[in-house]
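Note sheet for the following structure.
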2 protein chains.
Amino acid sequence: MTVIAPPQGLTIAEASERTGLTTHTLRYYERDGLMLRSVGRTSSGHRVYTERDLTWVRMLTRLRATGMPIREVKAYAALCRSGDGNETERLALLQNHRARVLSQLAEVTEHLGAIDNKIGIYQSALERADA
Amino acid sequence: MTVIAPPQGLTIAEASERTGLTTHTLRYYERDGLMLRSVGRTSSGHRVYTERDLTWVRMLTRLRATGMPIREVKAYAALCRSGDGNETERLALLQNHRARVLSQLAEVTEHLGAIDNKIGIYQSALERADA
DNA sequence: GCTTGACTTCGAGTGCGCTCGAAGCGCCAG
DNA sequence: CTGGCGCTTCGAGCGCACTCGAAGTCAAGC
């Protein structure tokens with residue numbers, strides 16, 4: 001019935017539970033080359049996730065959650081995968097992303113300020129109507 | 001050649017220039033019911049944008065830029081369109097949106113912090129390599 | 001009066017990021 | 001030894017928000 005998790009590893013269902021991603025999405029990420037390396041398999045072909053895999057998925061989730069497009073995550077994964085010597089490029093990619101996120105945060109914050117004004121207008125109009 | 005802007009109004013090209021949206025998008029928003037009311041026309045059927053229209057488009061842009069889905073902008077437009085008496089609902093909609101935006105800002109900021117750590121690790125590794 | 005070009009409508013196409021379904025296999029309980 | 005679950009792969013489908021192209025119209029300049 002239940003697939004037994006191999007020693008030192010987690011099934012895709014367990015990985016799903018710990019990362020908050022669906023099994024569909026985990027498979028999709030692997031298929032699409034977002035993983036550092038392809039996930040290990042049991043003799044019967046089932047995926048075995050290690051802690052290293054989960055750590056990477058969590059990093060990946062942070063990049064995605066801050067709006068990095070899949071293709072760029074893929075580029076970052078490719079850099080990490082190809083081993084030492086390209087740390088400068090990895091750093092540049094992350095710093096670039098950081099700058100974009102900061103400017104996007106600033107933009108959203110500014111727009112939110114204007115929306116807050118609108119909220120204030122409705123609030124005082126309603127207070128006046130109450131009185 | 002050039003379509004002359006009617007007195008007190010702007011052509012779609014001018015509205016596009018002032019709002020930063022393409023003419024395609026402006027027409028799409030109107031078609032989809034995001035505008036407060038449908039934009040005026042000349043005798044030959046060309047759109048005529050008023051300052052009121054532009055003000056609304058700017059509000060709309062702020063809602064969109066903070067991640068409000070089209071269908072919710074549409075709902076807000078519908079409330080405004082139906083006249084006085086539903087200010088409480090409009091306020092609730094905006095406050096709801098505000099809460100979502102704030103929590104999303106917090107989430108992005110937290111993820112960005114983790115990415116900053118990673119950047120720091122690369123930086124010190126590179127400094128050590130330089131020395 | 002003819003050309004030009006910005007406008008009109010309508011509907012189809014695009015890109016992104018999943019999301020889902022179908023068909024098939026292996027392992028374990030009963 | 002059989003039923004059934006949870007995994008496998010593959011490819012298609014979906015929702016969102018535009019984005020674009022085709023075909024036609026109309027006013028202005030030459």
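In what follows, every heavy atom counts, from backbone to side chain, and hydrogens, waters and symmetry copies are set aside. In what follows, chains carry the letters A, B, and so on, assigned in the order in which the sequence lines appear, proteins first and then strands, with residues in each chain numbered from 1.
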Output yes when at least one side-chain N/O atom of [X] is less than 4.0 Å from OP1 or OP2 of [N], else no.
X       : N      : result
B/Arg31 : C/dC10 : no
A/Arg47 : D/dT8  : yes
A/Tyr29 : C/dG17 : no
B/Ser44 : C/dT8  : no
B/Tyr28 : D/dC20 : no

Under 6.0 Å from the CZ atom of B/Arg18, do we count more than 12 heavy atoms belonging to anything else shown? no
Among [options], the one nearest [X] by side-chain distance:
X       : options               : result
A/Ile70 : C/dG17, D/dT9, C/dC7  : C/dG17
A/Thr25 : C/dT19, C/dC27, D/dT8 : C/dT19
B/His46 : D/dA17, C/dC7, C/dT9  : C/dC7

Does the distance from a Lys or Arg side-chain N to an Asp or Glu carboxylate O, for A/Glu87 and B/Arg128, drop under 4.0 Å? no
Report the residue (B/Gly45 or A/Ser43) whose heavy-atom-nearest nucleotide on DNA chain C is the more 5′ of the two. B/Gly45
Where does the angle between the aromatic ring planes of A/Trp56 and A/Tyr76 fall among parallel (under 30°), tilted (30 to 60°) and perpendicular (over 60°)? parallel
What is the separation between atom [atom1] on [X] and atom [atom2] on [N], rounded to the nearest whole Å?
X       : N      : atom1 : atom2 : value
B/Glu30 : D/dA17 : CD    : C1'   : 17 Å
A/Ile12 : C/dG26 : CD1   : C1'   : 16 Å
B/Leu26 : C/dA6  : CG    : P     : 17 Å

What nucleic acid atoms does B/Arg27 come within less than 4.0 Å of, heavy atoms only: base, sugar-phosphate, or nothing? base
Pairwise 5' ranking along DNA chain D for A/Thr23 and B/Pro69, keeping only the more 5' one: A/Thr23
Intermediate values then yes/no, side-chain contact (heavy atoms from CB on, under 4.5 Å), B/Gln123 and A/Gln95: CA-CA 11 Å; B/Gln123 278 173 337; A/Gln95 280 177 329; 3.0 Å; yes
